[in-house]
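Notes to accompany the following structure.
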Amino acid sequence: MFQKNYETVFILTPVLSEVQMKDTVDKFVNLLKTEGAEIINVENWGLKKLAYPIQKKSTGFYVLIEYKADPSVIKKLEIEIRRDEKILRFLTTVLDKHGIAYGDKRRKGEFNKKTEAKEEPVA
């Protein structure tokens, strides 16, 4: 089987408790694992304001899952996501070599480092 790199971002309804949110994320991670996908990274981005209201909600919990999977797995995952009422929106993308490199840098925290101003000696 030929595996591609994917990332799926989904927005969970803000009325969930921390436990319910974690259970929902674990459900999709376990689904991917049982279908033979290799989970690379799972990030919880926390509660964020939405650009526009979805189902009369103005905030949502954002979650990112990066994984390697066979393309046939995506259809099964998306069907399960659509069936779950806790998911407001989702997007699955195939990562090219630049997306993979960007994901590696993000996981290492290279984008979070603050650039320190270099002090020049006073003449």
Side-chain angles (χ1 to χ4, degrees):
M1 282 194 235
F2 178 70
Q3 292 194 333
K4 292 182 178 182
N5 286 350
Y6 294 95
E7 72 178 16
T8 299
V9 176
F10 51 89
I11 306 170
L12 294 161
T13 183
V15 297
L16 299 176
S17 70
E18 192 73 30
V19 174
Q20 291 172 317
M21 185 184 68
K22 187 174 178 342
D23 288 344
T24 304
V25 172
D26 289 343
K27 178 176 91 171
F28 294 119
V29 169
N30 291 334
L31 173 72
L32 286 167
K33 286 180 182 176
T34 57
E35 293 295 328
E38 174 190 338
I39 304 298
I40 298 171
N41 187 27
V42 177
E43 288 182 24
N44 181 358
W45 292 346
L47 188 67
K48 303 250 186 220
K49 187 171 179 357
L50 302 175
Y52 54 89
I54 302 172
Q55 298 175 5
K56 298 183 180 179
K57 309 229 179 357
S58 60
T59 59
F61 290 106
Y62 281 69
V63 178
L64 167 93
I65 303 174
E66 285 183 74
Y67 52 96
K68 276 183 159 180
D70 190 60
S72 63
V73 173
I74 302 306
K75 189 168 188 169
K76 294 176 186 175
L77 174 68
E78 289 187 352
I79 287 170
E80 288 300 317
I81 288 176
R82 283 188 180 99
R83 287 180 180 163
D84 197 327
E85 295 176 357
K86 299 174 199 144
I87 306 289
L88 299 176
R89 289 281 191 279
F90 73 95
L91 179 67
T92 300
T93 56
V94 180
L95 297 177
D96 61 359
K97 65 180 181 179
H98 303 293
I100 295 167
Y102 178 83
D104 288 339
K105 287 181 181 179
R106 189 184 68 242
R107 283 191 299 279
K108 291 176 185 171
E110 292 181 21
F111 297 119
N112 297 336
K113 295 179 183 173
K114 293 183 180 178
T115 55
E116 296 177 16
K118 295 181 180 178
E119 294 182 23
E120 294 182 16
V122 179

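- Relative orientation of the F28 and F10 rings is perpendicular, given thresholds of 30° and 60° on the angle between their planes.
- Under a hydrophobic clustering in which Ile, Leu, Val, Met, Phe, Trp and Tyr are joined whenever their side-chain heavy atoms come within less than 4.5 Å, directly or via other members, V94 and L77 fall into the same cluster.
- Rounding to the nearest 0.5 angstrom, the gap separating the CD atom in E18 from the CG atom in D23 is 10.5 Å.
- Counting non-hydrogen atoms of other residues, nucleotides and ligands closer than 6.0 Å to NZ of K105 gives a total of 12 or fewer.
- To the nearest 0.5 Å, atoms OG1 (T93) and NZ (K4) are separated by 12.0 Å.
- Under the 4.5 Å side-chain heavy-atom criterion for grouping Ile, Leu, Val, Met, Phe, Trp and Tyr, L47 is connected to V42 within one hydrophobic cluster.
- Judged as a side chain to side chain donor-acceptor pair (under 3.5 Å), and not counting sequence neighbours, the contacts of D26 are K22.
- T8 has its side chain out of reach of L91: every pair of non-hydrogen atoms, C-beta onward, lies at least 4.5 Å apart.
- Residues V63 and F90 have side chains not in contact (no heavy-atom distance under 4.5 Å, counting atoms from C-beta outward).
- Closest approach of R89 and Y52 over heavy atoms only: NE-OH, 4.0 Å.
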Review point. Taking it one step at a time, do T13 and Q55 satisfy side-chain contact (heavy atoms from CB on, under 4.5 Å)?
Key: CA-CA 9 Å; T13 183; Q55 298 175 5; 5.9 Å; no
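- Using a 4.5 Å heavy-atom cutoff, the side chains of L64 and R106 are in contact.
- Atoms CE and CZ, from M21 and F61 in turn, are 5.5 Å apart once rounded to the nearest 0.5 Å.
- At a threshold of 4.5 Å between side-chain heavy atoms, the hydrophobic network of Ile, Leu, Val, Met, Phe, Trp and Tyr places V25 and Y6 in one connected group.
- Between the side chain of Q3 and the backbone N or O of G36, at least one donor-acceptor pair lies under 3.5 Å.
- Within the 4.5 Å cutoff, no side-chain heavy atoms of N5 are placed close to those of E66.
- Rounded to the nearest 0.5 angstrom, I79 CD1 and L31 CG are separated by 10.5 Å.
- Taking both residues in full, the closest heavy atoms of A37 and A69 are given as CB-CB, 3.7 Å, listed atom of the first, atom of the second, then distance.
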Practice item. Please step through side-chain contact (heavy atoms from CB on, under 4.5 Å) for the pair K57 and V15, ending with a clear verdict. Key: CA-CA 9 Å; K57 309 229 179 357; V15 297; 4.2 Å; yes
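- Partners of D84 by salt bridge (charged side-chain N to carboxylate O under 4.0 Å, His left out), not counting sequence neighbours, listed by chain and number: K27.
- The shortest non-hydrogen separation linking L88 to P14 is CD1-CD, 4.4 Å.
- By the rule that hydrophobic residues join a cluster once side-chain heavy atoms approach within less than 4.5 Å of another member, V73 and I87 end up as members of one cluster.
- Taking CG from L50 and OG1 from T59, the interatomic distance works out to 6.5 Å, rounded to the nearest 0.5 Å.
- Cluster annotation: L16 and I65 are assigned to the same hydrophobic cluster (Ile/Leu/Val/Met/Phe/Trp/Tyr, side-chain heavy-atom contacts under 4.5 Å, transitive).
- Every residue two or more places apart in sequence or in another chain that forms a salt bridge (charged side-chain N to carboxylate O under 4.0 Å, His left out) with K76 is listed here: E35.
- Separation of atoms NZ (K86) and CG (L12) is listed at 8.5 Å; rounding is to 0.5 Å.
- In plain terms, the two heavy atoms of Y62 and K49 that are nearest each other are OH-O, 4.4 Å.
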